[in-house]
Amino acid sequence: MHPFSYTKVSDLEGALAAGRRGGRYIAGGTTLVDLMRESVERPGALVDISALPLGEVTATAGGGLRIGALVSMAEAAADPKVRATFPVVSQALELSASAQLRNMATIGGNIMQRTRCTYFRDVTAPCNKREPGSGCAALEGFNRAHAIMGGSDQCVATHPSDVAVAFAALEASVRLRGPDGERGVAFADFLLRPGGTPDREQGLRPGELITAVELPALPRPLRSGYLKVRDRQSYEFALTSAAVALHVKGGVIREAKVAAGGVGTVPWKLPAVERRLIGERPSPALWTEAAEHAADGARPLAHNRFKVELLKRTVERQLRVVGGSE
């Protein structure tokens, strides 16, 4: 462990002042502390924001929700408003990590968590995300768990969050507070694909702090759910996952929101699947046809070609569940 300073703040202005001085924000610490212990991250200053007033789930106009950044994963999953309005979010959270971690980890920290790529966490291996310019060991290494979407010649690490997949599907936005005031960023723009700068993972400005995630009001009735496929049922990250939300009225699909996890360098929206669904009547044949587009543009690696077919099957299964065929 490398030396660092620790400051606990009780108000937003104090947090932002510490952030401007280069402090790293920490709340539950379920990711950052691990990375510090393994010498992957070496922040010089930690700013404990756990006492800030960002721990509520509130309804917004028209039927949306605002989830404070410091709401724990367990609290968000159990919140009656979340469960009733967006079951896909509750299900994604309940399929994440362990009960103990869900009690500690926060919504803001969850979407900020870094990849579980073994090469990223092994400080003896080259990793452009950890040390820009050093190379990517996963490209020619064992890459079974790596991305088939959104990768580059610099990085193919997947984003590990389950609830981020639900947020991507629902087209959420992230509320930020920084030295220049408050702003909102579409979730699709908040998490960044690696490109040539894999070490830059979020669209945050220096010193900015996540204050909430906002879920938009969507047409009702809305059925939604999350399916996660993994090697084992207990505490494992997704090989593939699917977040689906469907608005069906008059026997026709009017709105379709679909995203996949475990396959992309960021949670991967599936617009081709959505387009195939909208305007159609739900049917088993439609789910199969739409799911065939789930892996459009996939670029599998040596050890994860199986993910192409697994992704299609995962999306199809969840379309059937949410669409009422099962």
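Any value given below was found using the heavy atoms of this structure, including those in side chains, with hydrogens, waters and symmetry copies removed.
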>> Set out, in order, the CA-CA distance, both residues' side-chain angles and the distance that settles side-chain contact (heavy atoms from CB on, under 4.5 Å) for Phe86 and Leu222, then state yes or no.
In response: CA-CA 8 Å; Phe86 297 108; Leu222 187 75; 4.1 Å; yes

> Any Lys/Arg nitrogen of Arg83 or Glu94 sitting under 4.0 Å from an Asp/Glu carboxylate oxygen of the other?
Replying inline: yes

Other residues, nucleotides and ligands only: do more than 12 of their heavy atoms fall within 6.0 Å of [atom1] on [X]?
| X | atom1 | result |
| --- | --- | --- |
| Arg121 | CZ | yes |
| Glu56 | CD | no |
| Arg183 | CZ | yes |
| Arg193 | CZ | no |

Check for me, please, whether [X] and [Y] land in the same ILVMFWY cluster - side-chain distances under 4.5 Å, paths through other members count.
| X | Y | value |
| --- | --- | --- |
| Leu239 | Val266 | no |
| Val174 | Leu54 | no |
| Ile49 | Ile210 | no |
| Leu46 | Tyr25 | no |
| Val213 | Leu218 | yes |

Donor-acceptor contact present, side-chain [X] to main-chain [Y], <3.5 Å:
| X | Y | answer |
| --- | --- | --- |
| Ser224 | Val88 | yes |
| Glu208 | Arg205 | yes |
| Asp162 | Leu93 | no |
| Glu274 | Val258 | yes |
| Ser90 | Ala77 | yes |
| Arg232 | Tyr235 | yes |
| Lys307 | Ala145 | yes |
| Arg102 | Ser96 | yes |
| Arg130 | Ala125 | yes |
| Thr197 | Asp199 | no |

Minimum heavy-atom separation for [X] to [Y], with atom names?
| X | Y | value |
| --- | --- | --- |
| Ala243 | Ala166 | CB-CA, 3.8 Å |
| Ala157 | Thr115 | CB-OG1, 3.4 Å |
| Gly23 | Val47 | CA-CG2, 3.8 Å |
| Arg200 | Leu204 | NH2-O, 4.1 Å |
| Leu301 | Asn304 | N-OD1, 2.6 Å |
| Leu176 | Thr211 | N-OG1, 4.1 Å |

>> Please determine whether side-chain contact (heavy atoms from CB on, under 4.5 Å) holds for the pair Asp48 and Val9, giving the CA-CA distance in whole Å, both sets of side-chain angles, and the decisive distance to 0.1 Å.
In response: CA-CA 6 Å; Asp48 186 341; Val9 294; over 6 Å; no

Evaluate the side-chain proximity of [Y] to [X]: yes if any heavy-atom separation is below 4.5 Å, no if none is.
| X | Y | answer |
| --- | --- | --- |
| Arg177 | Glu13 | yes |
| Leu191 | Gln202 | yes |
| Glu201 | His159 | no |
| Val33 | Ile26 | yes |
| Leu227 | Ser241 | no |
| Arg24 | Leu32 | yes |
| Val89 | Tyr226 | no |
| Gln113 | Ser161 | yes |

> What do the steps show when you test Lys249 against Glu255 for side-chain contact (heavy atoms from CB on, under 4.5 Å), and what is the final call?
Replying inline: CA-CA 9 Å; Lys249 187 175 181 180; Glu255 293 275 355; over 6 Å; no

Nearest 0.5 Å please: distance from the [atom1] atom of [X] over to the [atom2] atom of [Y].
| X | Y | atom1 | atom2 | value |
| --- | --- | --- | --- | --- |
| Lys269 | Leu170 | NZ | CG | 8.5 Å |
| Arg175 | Ile67 | CZ | CD1 | 14.5 Å |
| Ser283 | Ile253 | OG | CD1 | 8.0 Å |
| Leu215 | Thr60 | CG | OG1 | 8.0 Å |
| Leu310 | Lys312 | CG | NZ | 11.5 Å |
| Met104 | Gln100 | CE | CD | 11.0 Å |

>> Does either side chain, that of His293 or that of Arg276, offer a donor lying less than 3.5 Å from an acceptor on the other one?
In response: no

> For residues Asn143 and His303, is any side-chain donor paired with an opposing acceptor at under 3.5 Å?
Replying inline: yes

>> Using 30° and 60° as the class boundaries, would you call the ring planes of Phe167 and Phe187 parallel, tilted or perpendicular?
In response: perpendicular

> salt bridge (Lys or Arg N to Asp or Glu O under 4.0 Å) between Arg313 and Glu309: does it pass, once the steps are laid out?
Replying inline: CA-CA 6 Å; Arg313 291 165 57 189; Glu309 195 58 37; 5.8 Å; no

> Passes side-chain contact (heavy atoms from CB on, under 4.5 Å), Arg220 versus His247? Steps please.
Replying inline: CA-CA 6 Å; Arg220 301 286 163 172; His247 168 54; 5.6 Å; no

